[in-house]
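Chain A is the first sequence line, chain B the second, and so forth, proteins listed ahead of strands; every chain is numbered from 1. What's counted below: heavy atoms across the whole structure, side chains too, no hydrogens, waters or symmetry copies.
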Amino acid sequence: MKNPPSLKDELNDSQYQAVTTTDGPVLVIAGAGSGKTRTLVYRVAHLINSGVDADSILLLTFTRKASQEMLWRAGRILNDSCSRVTGGTFHGVANMLLRRYGSHLGFGTGFTIIDRADAEGIINLLKSSLELSGPKKQFPSKRALINMISGSVNKAIDLEDLIFEQYSHLSEFADDILILQKHYKIFKYDHGLMDYDDLLVNWQRLLEELPQARQEISNRYQYIMVDEYQDTNLIQADIVRLAAYQHDNVMVVGDDSQSIYSFRGADFYNIMRFPEIFPRTRIIKLEENYRSSQPILSLTNDIIRSAAEKYTKTLFTSIEGERKPYLYGGRDERLEADFVVKKILELQAEGIDLNNIAVLFRSGFHSFKLELELGSHAIQFEKRGGLKLTESAHMKDVLAVLRLLVNPLDNLSWNRLLLSIEKVGPKTAQKITAAISGADDPFAALASYPAGKTWKQGIAGLAKLFAKLRSSGEKPGGLCEMILNWYQPVFERLYADDYPKRQKDLDQLKTIIESYDDLQSFIDDTTLDPPETDQQAYGNTIDTLVLSTIHSAKGLEWEAVFVIGLADGRFPHASAFPGESWEEERRLLYVAATRAKQYLYLTYPRELMTPDRKFKRVGMSPFLVEISPGTYERLEHSYGNSDSFISQKPSRRPPKPPSSKKRKKVPLEHFSKGSRVDHPFFGAGTVQKLTPPRSLDISFDRHGVKTLHLDYAKLSILES
DNA sequence: AAGTGCCAAATTTTT
DNA sequence: TTTGGCACTT
């Protein structure tokens with residue numbers, strides 16, 4: 001530190017404690033806006049300043065960007081770079097370690113990381129090649145399906161429970177999912193592919209099964225810090241435990257009321273369990289909020305109050321402010337958007353830059369209307385959480401070639417490339433893929449494949465491309481150049497209608513790839529941290545408004561924040577039921593509202609368009625109904641159509657039980673220990689244990705013991 | 001039997 | 001804006 005004594009002035013007591021602790025496990029419970037990033041930054045700087053080797057610090061964060069920014073800030077304090085600190089996401093570090101130690105685990109160094117879109121591709125391939133019996137129509141949404149099949153490893157509940165909760169009435173469908181999951185695993189294994197979950201699972205295996213690796217890693221990283229600990233899953237928690245086994249020198253920072261990633265396997269009980277896993281744990285609470293004004297804090301405290309929390313914090317702030325959060329209900333989505341635009345213009349007039357304003361929403365499409373409205377007012381905006389550069393089809397074509405150079409077993413990429421050949425469809429592509437993946441030299445096998453008349457040329461072209469690439473010895477930039485030459489005609493044929501627009505992306509890719517010396521790390525980086533398509537890449541740092549999903553807004557802050565779409569049915573999401581998922585939606589609203597420093601606007605439409613283009617009147621979100629009306633100021637409809645709404649008193653009706661409507665509630669008392677019951681998916685079973693209020697453990701004859709919840713389970717009693 | 005082209009439908013959140 | 005089904009062509 002430039003000026004060591006100043007540390008105490010820069011930080012409050014709790015922060016100072018966290019920063020200067022040098023050994024032993026520490027759990028930092030940090031409320032929203034309490035300066036936890038700042039605390040971690042200072043800790044890194046302090047450690048290095050007191051002589052700790054930067055090499056021995058491991059900083060695990062939620063995104064790669066977050067760790068880069070923290071290390072940059074720490075570097076500024078030290079007047080020196082922190083480049084020797086290992087920082088990044090769990091997945092990034094897992095990748096690095098697996099490349100180094102992976103061969104001991106039985107897979108070669110050649111594995112390719114796949115993202116969700118790839119997982120989806122595999123599942124589609126499997127769906128067409130396996131004969132599935134279930135009714136196609138009843139498949140859940142595509143995303144839900146992918147989550148179930150590829151993302152269930154880390155879930156505390158297993159896949160069978162998940163299926164049964166949601167689709168217990170469709171046992172054929174449930175069978176299909178299990179079959180798909182089995183084949184999905186085999187496919188990945190056979191073709192050297194690894195998804196996000198696999199990275200973590202294999203890191204854990206590395207630590208658990210190879211004592212030598214465990215010791216090396218634990219020795220090397222003497223100081224382990226984890227940010228956003230409430231978003232870790234069980235495997236990540238275990239990794240932390242194993243990696244620190246020699247010194248227990250771990251500091252985790254998190255906020256249980258900001259846990260919003262359980263759909264991805266995050267388990268906020270990790271925070272509760274931390275002191276059990278590390279018995280000597282010191283708990284430090286950061287309760288002062290440095291971000292929001294008091295009126296905003298009162299409202300956000302009110303949002304979270306009704307949630308059952310384990311670690312209670314009472315946030316306080318000394319930031320003055322007389323503006324209460326505003327609540328506005330527009331007649332429909334268009335008027336809601338209209339309101340937002342008007343207020344944005346007013347804020348700008350008050351001197352607040354667009355950079356300091358954000359609009360947040362639950363789901364990506366909730367901002368469509370607003371995007372139109374912003375466009376017509378020529379307000380520049382940037383949408384977060386949208387399409388990534390590498391998610392578009394033309395990018396994936398080019399990446400597939402690069403991926404094959406590194407991992408020729410990658411059947412997914414083979415399939416993708418073959419499909420881009422004219423006159424080759426799914427069936428032909430699969431046949432060719434099957435033939436070449438069995439061969440010793442897949443590239444030679446491709447060249448000698450007995451091709452049909454119409455598509456012979458396409459195959460030959462591809463084979464020639466690979467021959468050229470593999471003999472060239474070029475750097476990634478040069479390879480990319482060659483690929484683009486081959487790709488140009490294919491590209492123009494595939495995207496005949498809009499290829500000029502997509503061409504820009506290809507140019508951008510070339511620029512990115514030229515900064516890499518090593519093809520493997522380029523491919524890893526694009527999958528783990530895909531660059532976004534933005535105009536900022538072209539160098540003009542323009543003043544733009546941020547539109548973002550709440551999930552992508554995590555950890556950020558703005559002067560003024562609009563949370564839109566707070567209507568019943570939209571927020572919480574329609575599929576959330578009372579219980580944990582309902583609470584998570586509540587925390588999501590909490591995260592959204594706590595992003596605001598001075599101005600907070602909560603808006604909702606009173607009318608929504610249903611898919612069949614009819615209008616449906618909706619009320620405001622049940623979460624808003626629960627908030628005490630004194631904490632916000634209601635803005636009335638004061639312009640435009642005059643058929644407005646006079647004095648809408650916030651109704652005092654109790655939060656209505658969300659849509660578990662039709663199912664009649666079976667009281668727990670109907671069951672007793674030993675009752676025989678029948679379940680549509682698991683079949684017959686015997687009740688083992690009753691857990692009030694509404695859970696029971698049942699031992700199924702064919703599926704073992706399951707814990708079921710009466711609100712979800714369709715149980716019928718055979719004999720009591 | 002496979003490939004192509006056209007129209008209709010749907011859309012949680014993501015390292 | 002992208003995916004799925006259907007009819008038509010090769």
Taking CG from A:D525 and P from B:dT15, how many angstroms apart are they, rounded to a whole number?
15 Å
Using the side-chain heavy atoms of A:H573, tell me which of these nucleotides is nearest: B:dT14, B:dT12, C:dT3.
B:dT12
Of the candidates C:dT3, B:dT15, B:dT14, the side chain of A:Y196 sits closest to B:dT15
Starting from P on B:dT15, measure out to CG on A:L199 and report it in whole angstrom.
14 Å
Residues in side chain to side chain contact (heavy atoms under 4.5 Å, CB included) with A:A429, at least two apart?
A:N415, A:L418, A:L419, A:V424
Residues in side chain to side chain contact (heavy atoms under 4.5 Å, CB included) contact with A:T112, at least two apart in sequence or another chain
A:L193, A:R403, A:N407, A:D410
Between A:D118 (CG) and B:dT15 (P), how many Å, whole number?
15 Å
Rounded distance (Å) that lies between atom C1' of B:dT15 and atom NE2 of A:H551:
12 Å
What does A:G92 touch in the nucleic acid at a heavy-atom separation under 4.0 angstrom: a base, only the sugar-phosphate, or nothing?
nothing
Interatomic distance where CG belongs to A:N233 and P belongs to B:dT15 [whole Å]
14 Å
Rounded to the nearest angstrom, tell me the gap between atom CG in A:L360 and atom C1' in B:dT12.
15 Å
Among residues at least two apart in sequence or on other chains, which ones pass salt bridge (charged side-chain N to carboxylate O under 4.0 Å, His left out) with A:K396?
none
Please report the distance, rounded to the nearest Å, between CD in A:Q68 and C1' in B:dT15.
14 Å
Using a 4.0 Å heavy-atom cut-off across all strands, classify A:F90 as base, sugar-phosphate, or nothing.
nothing
Looking only at B:dT12, B:dT15, B:dT14, the nucleotide nearest the A:S363 side chain is B:dT12
Check the distance between C:dT3's C1' and A:E120's CD and give it to me in whole angstrom.
9 Å
Of B:dT11, C:dT3, B:dT14, the nucleotide closest to the side chain of A:F365 is B:dT11
SB check A:D255 A:K36 (cutoff 4.0 Å):
no
Going through the distances and angles, do A:D267 and A:R273 end up as a salt bridge (charged side-chain N to carboxylate O under 4.0 Å, His left out)?
CA-CA 10 Å; A:D267 186 347; A:R273 277 189 294 254; 3.1 Å; yes
Using the test side chain to side chain contact (heavy atoms under 4.5 Å, CB included), find all partners of A:T61 that sit at least two apart in sequence or belong to another chain.
A:L59, A:A66, A:S67, A:M70, A:D227
Please identify each residue that fulfils side chain to side chain contact (heavy atoms under 4.5 Å, CB included) with A:V406, with sequence neighbours left out.
A:L519, A:Q520, A:I523
If only side-chain N and O atoms of A:S552 are considered, is one of them under 4.0 Å from the OP1 or OP2 phosphate oxygen of B:dT14?
yes
For nucleotides 2-8 of chain B, give me every protein contact, N/O to N/O, under 3.5 Å, one pair per line with atom names.
residue	atom	partner	partner atom	Å
B:dG3	OP1	A:G425	N	2.6
B:dG3	OP1	A:T428	OG1	2.2
B:dT4	OP1	A:K423	N	2.8

